[in-house]
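So the structure is just underneath, and the comments pick up after that.
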Amino acid sequence: MNVKGQHYHTIWIDNTDLSVVKIIDQRYLPFSFQILELRTIDDVYMAIRNMAVRGAPLIGVTAAFGIYLALQNSTEPPTNQTITRIANKLKSARPTAVNLAMAVNRMLQGIRKSNLPDEQIKIALQTAINLKNEELENSRKIGVYGLPLIENITKHKKDQQVNILTHCNAGWLACIDYGTATAPIYMAHNKGINLHVWVDETRPRNQGARLTAWELGEHGVPHTLITDNTGGQLMQEGSVDMVIVGSDRMTPDGDFANKIGTYLKALAAKDNNIPFYVALPSTSIDWTLKNTAQIPIEKRDPEEVLTVKGWYNNHSVDVRIAPENTPALNYGFDITPARLVTGLITERGICKANRDDIHKKFPANEKQ
Ligand code: MRU
């Protein structure tokens with residue numbers, strides 16, 4: 001998408017220096033637009049862990065480039081043991097989004113096709129680039145398939161404004177471009193559909209306030225920031241036509257983990273008969289899962305709950321909002337059961353959130 005008129009992806013390799021991977025550093029948005037250079041596997045690990053990059057598809061692609069950088073920087077050919085240690089370290093950076101482990105596994109599969117170090121570096125670079133391009137295309141197709149859902153609502157409303165609620169940032173910043181939840185929104189907006197987005201602030205890290213509001217604003221999509229508790233009230237008064245969220249890890253039955261607070265939005269949407277869609281690429285489906293108890297839910301530093309990050313005098317500052325020594329709990333994600341989901345918007349089209357429908361869309365993957 002465009003930032004101040006210039007087109008950006010969230011991650012790219014520096015074509016003049018193949019030892020540098022560049023990312024948009026999301027820790028400083030919306031206040032400061034900064035590009036961060038990643039040169040080592042440790043840079044990549046820290047960028048994922050500290051959330052300079054975040055969002056399920058993007059952390060997968062970043063980890064893939066991390067493996068490439070690790071090979072590129074090795075003075076002597078890394079042993080199998082070293083590669084496995086690097087892979088496990090990357091996977092542990094953020095546990096919930098399955099895209100991370102999947103991308104790392106795909107890199108390992110690729111590298112193991114050769115024993116020659118130079119060849120392995122080439123394969124690693126090409127595989128990381130392929131993964132990036134695939135996620136880009138996944139998002140684009142999610143937009144294409146999701147657009148008719150918004151068009152139907154606008155038809156029923158006789159072109160009155162369509163109001164869509166979203167949680168966290170499942171926008172282009174969480175992907176490579178377009179986003180997942182936002183892809184249909186951008187397409188509809190580009191087509192001239194009269195729409196407006198309710199943006200949940202998404203405590204504690206405020207990905208909605210900081211990132212979704214910023215990217216929608218940059219693209220000129222009408223939106224309003226709301227506190228996380230406001231969605232229910234808006235639904236009851238008829239001001240929400242549809243909810244679209246992303247997913248970090250879905251079971252083959254359609255139950256899924258997404259940013260903490262998603263479940264409560266799904267409950268409120270069900271109670272108010274409002275369509276609740278999950279936009280996700282198939283790289284966010286974990287085909288090995290038997291149930292949601294197997295999804296590792298990330299617990300983050302309680303400091304994120306006890307403080308709020310803001311911007312003051314050109315610096316990022318943390319402001320304390322609770323008494324000293326208050327115990328705090330900080331789950332990053334929650335689980336929403338498939339029964340609350342109206343449908344999935346995938347790169348292969350729309351389907352119901354159940355095993356049969358998901359299997360029909362992705363017959364090969366289920367066997368993994
Ligand atoms: O903790 P984050 O910011 O990485 O969480 C991101 C989300 O929960 C997104 O909704 C999810 O990754 C889907 S992104 C297309």
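Start at 1 and go down the list; that is how both ligands and their atoms are numbered. All residue numbers in this chain count up from 1 along the given sequence.
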Looking at Arg355 and Asp253, does any basic side-chain N land under 4.0 Å from a carboxylate oxygen?
yes
Measure across Ile335 and Ala257 and return the closest heavy-atom pair with its distance rounded to 0.1 Å.
CD1-CB, 3.9 Å
Would Lys4 count as a cation-pi partner of Phe33, with NZ or CZ less than 6.0 Å from the six-membered ring centre and within 45° of the ring normal?
no
If you draw the axis of the six-membered ring of Phe333, does the NZ or CZ of Lys259 fall within 45° of it and under 6.0 Å from the ring centre?
yes
Quick one: ligand 1 N/O to protein N/O pairs below 3.5 Å?
unit_1, atom_1, unit_2, atom_2, d
ligand 1, 1 (O), Arg94, NH2, 2.8
ligand 1, 1 (O), Lys259, NZ, 2.7
ligand 1, 3 (O), Arg54, NE, 2.9
ligand 1, 3 (O), Arg54, NH2, 3.1
ligand 1, 3 (O), Gln207, NE2, 2.9
ligand 1, 4 (O), Gly55, N, 2.9
ligand 1, 4 (O), Arg94, NH1, 2.9
ligand 1, 8 (O), Asp248, OD1, 3.0
ligand 1, 8 (O), Asn258, OD1, 3.2
ligand 1, 8 (O), Lys259, N, 3.3
ligand 1, 10 (O), Asn258, OD1, 2.7
ligand 1, 12 (O), Ala56, N, 2.9
ligand 1, 12 (O), Asp248, OD1, 3.2
ligand 1, 12 (O), Asp248, OD2, 3.0

Check Arg106 with Glu134, please: is the shortest side-chain N to carboxylate O separation under 4.0 Å?
yes
Taking salt bridge (charged side-chain N to carboxylate O under 4.0 Å, His left out) as the definition, give me every residue that meets it alongside Glu119, ordered by chain and number, with sequence neighbours left out.
none
